[in-house]
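Here's the structure we're looking at; comments come further down.
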Amino acid sequence: MSRVDLKKPSLCTSEPLAKETLCHALSVFAKMVRSCYGPTGRLKQLHNGVGGYVRTTSQASALLGGLSVTHPVLKLLTASVQNHLARFSDCGLFMAIFCCSLLEKCQGLNITPCTFIKISQHLLSLCIDYLASETCGCRMQVDFSSSKIPLDLVRSIITSKPACRLSRMEANHISILVLEAFLFTIPHNINTQMTLGKCLYIPVKNKQVLDSAVYPGLLIEVPEVDLRNTPPIKRDTSGMIKMVLFSMSLSGDLSDNGEGVIVIPHGVYLEAVVLAQLLNVGKQIVKDGVGVFVCQKVIHPALQQYLKENHIVAIERVGLPLMEPLKEITGAQPIPSLQFLSPACCGHLKDLQTLSIASKWFFHLIPNDPVVCSVMLCNRNETAWDELKLACQTAEHVLQLTLRDPWVLLGGGYTEMHLSSYIRHMTSTVEGSILEDLSCSWAEFRMVADAFCSSLESVACSLDHDGGNICTDVKCFWSVPPDVPSRSDWSDLIWKCGCGLCNKEQGLHWRMLQCCASPFPPQSCVHESSVTSTNNLILDCFAAKKNGLQVAVETASLLLDLSYIIEDQN
């Protein structure tokens, strides 16, 4: 007992956001996420400092998942972003940049955090109401009977991940594949309880990206030796292939009985009894007319040979991740024990084929309704493949969200600038009753509104990493290239707006973003003719950005409301 340390008192920190160490940490974090934002974002390398796997990325989920954060405030901020990404997959960097900017702006104002929080929440409600209104000028409705808007949405996500190392042609090819795979996951029979299928990504590294392809159904990798002398597949009278699915081991080993004792009578050979039982299973399978025998774990060689002699294709070691997709596409019920073996557990396949792709061999299971599909995803190396897979999964999830809430927002910074103009216009005059409800003065309200709008504009400005400028008009915002000669007319160098929807027109009244100007109501540049005639629109997921906007303000409000941090040092 002499070596027992005394319990240390808890560390209590008051007003944590006012501490210099936290301010510096937040500043570094904000610079990091800003530098990763957009298609020209700077890449970050994550490693543990003592060797091992190195990840090159600019995606928020990979970046925050690989960071080691120690300060409680930063932990809360990163956890909030990660929770948003777990639900929506996209707009994590947008949320982090906007939240950090709000915190920075509040610290530069001479008002209480409580006042800042109440006014920010009011401005947030204005934004959310506007995004949901019919007059919103930065959103477009998605019609899935046409592939243009969904394809532009997927392409916007894929091209915003520079670590994928894709050319324009490769990005277009992958975008088409992701949209095609998503459409395969939509069931033909739609009802009120419709459930989308799954998309499985199969790695093929050191191959050209353009070799990637989508296969309806399921690809199961098998050793080449398993494909030699494959028996002709048995079919039932309707031409379908009956399939049985085992989730238990059929290797003949005894299951773990804990601390129990197995008593074996004299003269009984346990291995022979177990093998006889497995062969009885094989006989029952043959009797039921099964053509494909799939096991999550290992199949005994003798049982495999018996199945092969009876023209049944045996597939073993498929693993746990494929069990649910197999159940979904075939209707088979996984058999956990030999006691549950029954013809009612069987499923059906339309066809079974063999494929050879990049020195790998696969069984291709083709169902009647291919709500599960396999994407053969190729890239040049492992790092680029990991980044591409994550980008494809994000795009797939965004399509699912858009199918449920069929709207998109104009991207490339357009939505942030549009909301900023809207808030500035709406708050140019405020009724006294609103100020009374918020318990603030007109000057305080104006300061917070300016900070809120500046934070939105800072997100749009974060898309530029080369020192360029931003100019705006009543509709769009435009990027001015860096290092423009002082005597030249910079307007001659602008051709496309940030979202790609508008071309430069004569008579536009541009102003630099930093210039003071009277508030004006923003105009929408969304017209059916311009949308259909414009290629490569930059779009954002409506549900993800809307939630990111809400959670950013709520997280900033929570952090500003912190009075003490109590840490247990034991």
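- Checked by atom type, the side-chain pair H397/D90 shows no donor-acceptor distance below 3.5 Å.
- C136 and Y130 get closest at one heavy-atom pair: CB-O, 3.1 Å.
- Distance check, rounded to the nearest 0.5 Å: CG of L377 to CG of L388 gives 4.5 Å.
- In this structure, the side chains of P39 and P162 stay at 4.5 Å or more apart for every pair of heavy atoms.
- Taking CG from L177 and SG from C373, the interatomic distance works out to 10.0 Å, rounded to the nearest 0.5 Å.
- In this structure, E170 pairs ionically with R380, as a charged nitrogen and a carboxylate oxygen lie closer than 4.0 Å.
- In summary, R155 and D152 engage in a salt bridge, as defined by a charged side-chain N under 4.0 Å from a carboxylate O.
- One distance of note links CG of L93 with CG of L463; it measures 10.5 Å at 0.5 Å rounding.
- The pair R55-E382 does not count as a salt bridge, with every side-chain nitrogen at least 4.0 angstrom from each carboxylate oxygen.
- Under 4.0 Å is where a charged nitrogen must lie from a carboxylate oxygen, and between E104 and R34 at least one such pair does.
- Between the OG atom in S89 and the CD atom in Q400 there is a gap of 8.5 Å [rounded to 0.5 Å].
- Note that SG of C138 is 11.0 Å distant from CH2 of W407, once rounded to the nearest 0.5 Å.
- Between the side chain of H465 and the main chain of Y37, a donor-acceptor pair closer than 3.5 Å is present.
- At most 12 heavy atoms of other shown residues, nucleotides or ligands fall within 6.0 angstrom of atom CZ in R165.
- Under the side chain to side chain donor-acceptor pair (under 3.5 Å) test applied with D540, the options K545, K546, R139 reduce to a single match, K545.
- Between C440 and I119, the closest heavy-atom pair is SG-CD1, 3.8 Å.
- Proximity of the aromatic rings of F445 and F452 is defined here by a centroid distance below 6.0 angstrom, and this criterion is not met.
- The residue from V398, L539, L399 that alone fulfils the side-chain contact (heavy atoms from CB on, under 4.5 Å) condition with I157 is V398.
- Side-chain contact of S80 with T555: a donor-acceptor pair under 3.5 Å is present, judged by distance alone.
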Evaluate the criterion side chain to side chain contact (heavy atoms under 4.5 Å, CB included) for residue pair M447 and F116; output intermediate values, then yes/no.
CA-CA 9 Å; M447 284 192 294; F116 188 92; over 6 Å; no
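- Tested against V73 for a side-chain contact (heavy atoms from CB on, under 4.5 Å), the candidates L558, L22, T78 yield a single pass: L22.
- Between the CD atom in E444 and the CZ atom in R446 there is a gap of 13.5 Å [rounded to 0.5 Å].
- The two residues L410 and T415 have their closest heavy-atom pair at O-OG1, 2.6 Å.
- Under a 3.5 Å cut-off, the side chain of R42 and the backbone N or O of T40 do form a donor-acceptor pair.
- Between E457 and R424 there is a salt bridge, since at least one side-chain N of the basic residue sits less than 4.0 Å from a carboxylate O of the acidic one.
- Side-chain N or O atoms of D143 include none that pairs as donor or acceptor with a backbone N or O of S146 at under 3.5 Å.
- Side-chain atoms of S455 and S458 form no donor-acceptor pair, as typed in the model, at a separation below 3.5 Å.
- Taking each heavy atom of L63 and C36 in turn, the nearest pair found is CD2-SG, 3.9 Å.
- Within a 6.0 Å sphere centred on CE of M426, heavy atoms belonging to other residues, nucleotides or ligands number 12 at most.
- The minimum heavy-atom distance between L74 and A25, with the atom names listed, is CD1-CB, 3.7 Å.
- Residue R87 qualifies as open at atom CZ: its count of foreign heavy atoms under 6.0 Å is 12 or below.
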